[in-house]
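Some notes on the structure that comes next.
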Amino acid sequence: MNITESKFYRDKCFINGEWVGADSGETISVNNPATLKEIGTVPKCGTNETKRAIEAANAAWPEWRAKSARQRSDILRKWFDLMIENKEELAQMMTVEQGKPINESRGEIGYGASFVEWFSEEAKRVYGDTIPDPMTDRRIVVLKQPVGVVASITPWNFPNAMITRKCAPALAVGCPVVIKPASQTPFSALALAVLAEEAGFPKGILNVITGKASEIGDELATNPIVRKLSFTGSTEIGKILLEKCSGTVKKVSMELGGHAPFIVFDDANIDDAVAGAMQSKFRNTGQTCVCANRVYVQEKVYDEFCQKFVEAVSKVKVGDGLDEAVASGPLIDEHSLSKVEEHVQDAVQMGAKVAIGGSRHELGMNFYQPTILTDVTPQAKITSEETFGPVAPVYKFKDEKEVIELANNSPYGLASYFYSRDIGRIWRVAEALEYGMVGVNTGLTSKAEAPFGGIKESGLGREGSKYGIDDFIEIKYVNMCGLDK
Ligand code: NAP
């Protein structure tokens, strides 16, 4: 697919309803990770263009917040409809710039759109409160109002859904947004802007700016007009942004890295557990924040699980995601590939065995073999660092108490999973895991209806569900007095 021929292809940023280049005229080259060929360019913007986008959003804000919830809901609904109508073309574009198998891209467009649909409905339900006052002639009324200009910085692994999960609730409650997508996957973000324009968002309400991450990020994090910064990406950059946001005391949401434990108890249905591990670990070639990073298997079922897991992995076809039969695409770049390679080599040096895979794929470029390591030791880097690749380290454990301690021994607290058929154990373990999300007998938990987010160094705030609105509103109370006069 030549994405420059797509009606959604834009090589310009979207600021104040106009398609514009960088002031300097400079551009960034974007490559297909499956072929390493250039697929297009986007503007290399910096501080000045970011300032203009923020100011445009702020100028457009009064008109947007003054609309009724129903009017905002209708525009969001139109945006959702357009995404669904154009699902196939958007999915193809995503696979070409991000590399994930085409079926996963179709899934992501549906998933991303589901947040727009969900928040188009929630827009109508931003209820306040009436609170009894201690004095008889008074009442307290609680109003929920839009926070103001929202900045959103997103990663390359979910180029569509990480944007809609933030922007749909912001737009629904009446906030304008300035989006800075990842430089490796800007075209899916710009395609969303094309559809937003068609859906009827007023100019300045949704802006997309591409370019120098640190310059754009600094301006978004320090400009006093921006009242909320919502970031998805690495914990390392999240911490830098948190510090920068403190200068203007902005509201922040941080969806950061994870290191998910995936636990298989000896009473589990092993076939289901293998299917769940495949989904959790190998989706998006292991490049998701909720990927299983440590697979703990109870000793009685360890051999059976490993044998079936290896069998399942041996059937995974690796290649260009546009091929319908491919289930594992390339890694995003050489840097990611080197990290995966380093983690595997280090684990093997520390005593792990390679059950399948274990090296770069014969296709070359950014491809790595889907890999299972068994008998992994706690000292290996892979036990504590996010690998972000198609490698499943498997560990043996004895009992529930031991595995809960192992699972919680991480600075991260995003997703976790376990398989068991014992109702008592299910409650005990679900409550004991120090993670924002717990999948029981499933390897996939994300949906618009649920509050996605992490604890500890995995972040702050929740996206999706009825709670996803809270991150974009300010609570104000009005004390009405003198009512008996
Ligand atoms: P990243 O390097 O932190 O980049 C994320 C975004 O931040 C990109 O748009 C990037 O721009 C931008 N950025 C980089 N340096 C910046 C700076 N100094 N100031 C402001 N912005 C800056 O993360 P990534 O490698 O793209 O994504 C992988 C990470 O995201 C993993 O750790 C993963 O676990 C996490 N993640 C978390 C969630 C979640 O919901 N918790 C979801 C998905 C991914 P450029 O692309 O231009 O560098």
Side-chain angles (χ1 to χ4, degrees), residues 13 28-31 33 42-47 50 97-98 100 108 111-112 115 151-166 178-186 188-189 208-223 226 229-245 252-260 283-293 331-333 335-336 339 385-389 410-415 435-437 445-446 450-464 468 471:
C13 292
I28 299 175
S29 167
V30 183
N31 296 332
V42 288
K44 195 175 190 179
C45 294
T47 310
T50 311
E97 69 174 345
Q98 201 275 341
K100 64 178 66 177
E108 184 182 335
Y111 174 63
F115 289 97
S152 129
I153 303 181
T154 54
W156 49 263
N157 62 345
F158 289 94
N160 173 296
M162 295 305 98
I163 293 174
T164 58
R165 215 163 69 174
K166 298 175 183 313
V178 178
I179 303 160
K180 153 50 189 113
S183 298
Q184 280 151 320
T185 56
S188 293
V208 179
I209 181 158
T210 58
K212 300 173 208 160
S214 56
E215 272 194 33
I216 298 174
D218 278 4
E219 188 59 30
L220 292 175
T222 57
N223 190 314
V226 175
L229 184 131
S230 179
F231 172 75
T232 296
S234 60
T235 297
E236 183 196 348
I237 302 291
K239 286 180 182 175
I240 295 173
L241 289 170
L242 264 174
E243 241 180 273
K244 291 193 169 151
C245 284
V252 288
S253 294
M254 293 280 149
E255 294 288 351
L256 309 177
H259 205 275
R283 191 166 58 104
N284 202 4
T285 317
Q287 302 171 111
T288 83
C289 52
V290 291
C291 268
N293 277 269
L331 287 155
I332 192 73
D333 56 22
H335 175 73
S336 300
K339 185 172 182 197
E385 291 176 24
E386 203 179 12
T387 306
F388 240 54
S410 169
Y412 294 110
L414 193 60
Y435 289 82
M437 297 172 280
T445 57
S446 310
F452 189 104
I455 61 173
K456 295 166 68 184
E457 292 189 23
S458 288
L460 300 165
R462 291 295 178 268
E463 294 185 339
D471 279 47

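All ligand and atom numbering here is 1-based and tracks the order in the structure.
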Sub-4.0 Å atoms of ligand 1 with respect to non-hydrogen atoms of Gly257: 32 (O), 34 (O)

Compute the minimum heavy-atom distance from Trp156 to ligand 1 and say whether it is under 4.0 Å. yes

Considering non-hydrogen atoms of the protein only, which is the closest contact for atom 12 (C) of ligand 1, and what is the distance? Ile153 CG2, 3.8 Å

Please write down residue, atom name and distance for the protein heavy atom closest to atom 3 (O) of ligand 1. Ser234 OG, 2.6 Å

Taken to the nearest 0.5 Å, the spacing of Glu97 CD from Asn31 CG works out to 11.5 Å

To the closest 0.5 Å, what do you measure between CG (Asn157) and CD1 (Ile332)? 8.5 Å

Between Lys244 and Leu229, is there a side-chain heavy-atom distance shorter than 4.5 Å? no

Does an N or O anywhere in Ser214 fall below 3.5 Å from an N or O of ligand 1? no

With only distance considered, is Thr232 within less than 3.5 Å of ligand 1 through an N or O on each side? no

Does the pair Thr47 and Glu215 meet the rule for a side-chain hydrogen bond (donor to acceptor under 3.5 Å, both in side chains), with working shown? CA-CA 5 Å; Thr47 310; Glu215 272 194 33; 3.2 Å; yes

Taking the side chain as every heavy atom from C-beta outward, state whether Leu331 and Phe388 have any atom pair closer than 4.5 Å. no

Start with the C-alpha distance between Leu460 and Leu242, add both sets of side-chain angles, then the distance that settles side-chain contact (heavy atoms from CB on, under 4.5 Å), and finish with yes or no. CA-CA 10 Å; Leu460 300 165; Leu242 264 174; 4.0 Å; yes

Give, for atom NZ of Lys456 and atom OG of Ser410, the distance between the pair rounded to the nearest 0.5 Å. 6.0 Å

Spacing of NZ belonging to Lys44 relative to CD1 belonging to Ile28, to within rounding of 0.5 Å: 6.5 Å

Only one of Lys166, Arg165, Glu255 clears side chain to side chain donor-acceptor pair (under 3.5 Å) with Thr232; which? Lys166

Output the list of atoms in ligand 1 that are nearer than 4.0 Å to some heavy atom of Leu414, sorted by atom number. 41 (N)

Any nitrogen or oxygen of Leu256, side chain or backbone, less than 3.5 Å from one on ligand 1? yes

Just let me know how Thr154 lines up against ligand 1, side chain, backbone, both or neither, with a heavy-atom cut-off below 4.0 Å. backbone

Residue-level breakdown please: for Pro181 versus ligand 1, do any non-hydrogen atoms fall below 4.0 Å on the side chain, on the backbone, on both, or on neither? backbone

Atom indices of ligand 1, in the order listed, that fall short of 4.0 Å to a heavy atom of Phe388: 28 (C), 31 (C), 33 (C), 34 (O)

Look only at interatomic distance and state if Gly233 has a nitrogen or oxygen under 3.5 Å from any nitrogen or oxygen of ligand 1. yes

Calculate, to the nearest 0.5 Å, the distance between atoms OG and NZ belonging to Ser183 and Lys212 respectively. 11.5 Å

With heavy-atom distances below 4.0 Å as the criterion, list the atoms of ligand 1 near Ala213. 11 (O), 13 (N), 14 (C), 15 (N), 16 (C), 19 (N), 20 (C), 21 (N), 22 (C), 45 (P), 47 (O), 48 (O)

Under 4.0 Å from ligand 1, counting heavy atoms only, is it the side chain of Arg165, its backbone, both or neither? side chain

Within the 4.0 Å heavy-atom cut-off, what Phe158 brings close to ligand 1 is neither

Give the atoms of ligand 1, by number and element, whose distance to some non-hydrogen atom of Pro155 is under 4.0 Å. 26 (O), 27 (O), 43 (C), 44 (C)

Does the plane of the ring in Phe158 sit parallel, tilted or perpendicular to the ring in Tyr111? Use 30° and 60° as the thresholds. perpendicular

Using a distance threshold of 4.0 Å (strictly less than), state whether atom 48 (O) of ligand 1 has a protein heavy-atom neighbour. yes

Please classify the Glu386 to ligand 1 contact at 4.0 Å (heavy-atom distances, strictly less than): side chain, backbone, both or neither. side chain

What residue and atom, counting heavy atoms only, is the protein's closest point to atom 15 (N) of ligand 1, and at what distance? Ile237 CD1, 3.4 Å

Under 4.0 Å from any heavy atom of Gly217, which atoms of ligand 1 are there? 20 (C)

What distance do Leu414 atom CG and Cys289 atom SG have between them, rounded to the nearest 0.5 Å? 5.0 Å

Looking only at distances, please establish whether an N/O atom of ligand 1 is found under 3.5 Å from an N/O atom of Asn157. no

Note: heavy atom closest to atom 42 (C) of ligand 1, options Cys289, Gly258, Ala161, Ala151, belongs to Cys289

Quick check on contacts: which atoms of ligand 1 are under 4.0 angstrom from a heavy atom of Ser183? 45 (P), 46 (O), 47 (O)

